[in-house]
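To keep things clear, I will list the structure first and then write my remarks on it.
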Amino acid sequence: MKAVVTVVGKDKKGIIARVSGALFENDINILDISQTIMQDMFTMIMLVDLEGSELAVKQLSDKLHIIEQDMELSIHVQREEIFSSMHRI
Amino acid sequence: MINPFEIIETINMIDKENLDVRTITMGISLKSCAGPDIDEVCEKVYNKITTYAKDLVKVGEDIEEQFGIPIINKRISVTPIASLVDALDNPTVDNCVKLAKTLDRAAKTTGVNFIGGYSALVHKGYTEGEKVLIESIPRALAETDLVCSSVNVGSTRAGINMDAVKQMGEVVKKAAELTADTQGFACAKLVVFCNAVEDNPFMAGAFHGEGEGECVINVGVSGPGVVKCALEKVKGADFGTVAETIKKTAFKITRMGQLVAQEASKRLNVPFGIVDLSLAPTPAVGDSVAYILEEMGIEKCGAHGTTAALALLNDAVKKGGIMASGYVGGLSGAFIPVSEDAGMISAAKAGALSLEKLEAMTCVCSVGLDMIVIPGDTPPSTISAIIADEAAIGMINTKTTAVRVIPAPGKKVGDEVEFGGLLGTGPVMKVSGYSSEEFVSRGGRIPAPLQSLKN
């Protein structure tokens, strides 16, 4: 199962390190990553593969929630299908 | 990978613009539960509902977590209960209430928000069971928490059953009186329809129709806030652009509903029925249909031009949504429930929105006069006449119309009634002081219109 991890917030040191570190610790592979500054906000979007990891989306987002609060970011984890169904015919 | 802008757009819709799936509704046929003995019937009904819907809430919550889409309600609709009452040896009001309590208990066990289908379809005439069921509605609603009731009193094919219209005025009034301590709350769970649809997932009017299968999943989407925000970006543009913007937004909203419906159907192993393409407001600021109309350039909802704006909105939502889902059904359109819509509440309080204007708006929107609080001393015949007017609009225009009014005991025009939660706050609205008593008392049936002769 593929999921999209979205990180939005004020730019600061260590965002990528902490988020990708958390994914690595939980044995989650990052398939694609894009990072940009959108409307003055740091925006990182990762496509991750949850196969092989024991974590379901819910547990993953609980883990990332800690980083979210720590670093004052907004982090979402959602299954990929929501975006593909909404934006592709 | 999907374009980052599209990802951020979706996330903004959910986080900032109140995009949600309003309801996953499981329709369950109770035909197999019919029988002569009330206790046996109640047991079968309870067992069937709690078996079929045992995972409904859990599956809804799982989908919500995995896709990151809020799913506000999980609900159940059942075969109109009048058909079970017809099969009873002893169809009394007490036995009907017993059935209502059974539904309530089953709803609580499964953890759903509401259960709909305490209903009767009497657009042409009554059976004995239907008569008793309708008589029992006030008590059934007053003595349960989660049961919703609906009665279909007219259709384009059959005309309007004016005996039922007369009786429903009295039923609404009595339901309000029996729940005077909660300002007539029972009436919020009671809808009087013309051209009721069989696969509506929205409450209070959901029931599992005669032509439906054993069990089905229907999904109702929502997202007035998303449409409003999209229109903010095309300020001053012509109506072609407005319609196009709404269509594109409705497409995206509906695709999400379709995804949720398919996923729920797969996980529950129940066939997918329809997606209802509706814009259903909530009292949350930013989730209002009235604000969409105001965004189009109406200073306050209810001003001249409101009906045209609503017509455009309703049509564009359907055009955008229809391609996004394999099966579209239910009510599909914009809802205008006064107490559930922050913009409508504000317009009614300011005196910009009257019952007469709302009636005109129901000619071009999805349903009808919805969640409107009227004075507690409104006579039953006036409520019946309001129902007759709405049923006539539905019958002639071959569309669903409905009346859900609350004659709040002891309340007068200018007062306010607080229902709480999604049902919101209703300012008491003025009804005509002139009598319709003689008209309503005639009884009989208004013949089906020329529109019915399509063969």
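Note that this is a predicted model, so its numbers are computed, not measured. Each chain gets a letter, A, B and so on, in the order the sequences are listed, and its residues count up from 1.
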Side-chain ion pair, Glu244(B) and Lys247(B), N-O less than 4.0 Å: yes

Residues Lys235(B), Glu295(B): salt bridge by 4.0 Å N-O rule: yes

Per-residue contact mode, Leu60(A) against chain B (heavy atom under 4.5 angstrom): neither

Side chain, backbone, both or neither of Asp62(B) within contact of chain A (heavy atoms, under 4.5 Å): neither

Arg75(B) side chain to Thr25(B) side chain, donor-acceptor N/O pair below 3.5 angstrom: no

Choice from Ile253(B), Ile8(B), Val260(B), Ile69(B) maximising heavy atom contacts with chain A below 4.5 Å: Ile8(B)

Option that, when pairs with chain B are counted at under 4.5 Å, heavy atom only, ranks first among Glu81(A), Lys2(A), His87(A): His87(A)

Chain A interface, residue from Met323(B), Gln66(B), Lys252(B) that has the most non-hydrogen pairs under 4.5 Å: Gln66(B)

Engaged part of Gln258(B) at the chain A interface, taking heavy atoms whose separation is under 4.5 Å: neither

Taking every non-hydrogen atom, the tightest pair across Gly330(B) and Pro201(B): CA-CD, 4.4 Å

Donor-acceptor pair between His76(A) and Asp15(B) side chains, under 3.5 angstrom: yes

Under 4.5 Å from any heavy atom of chain B - which part of Ser61(A): neither

Note: Arg79(A)-Glu263(B) ion pair, threshold 4.0 Å (strictly below): yes

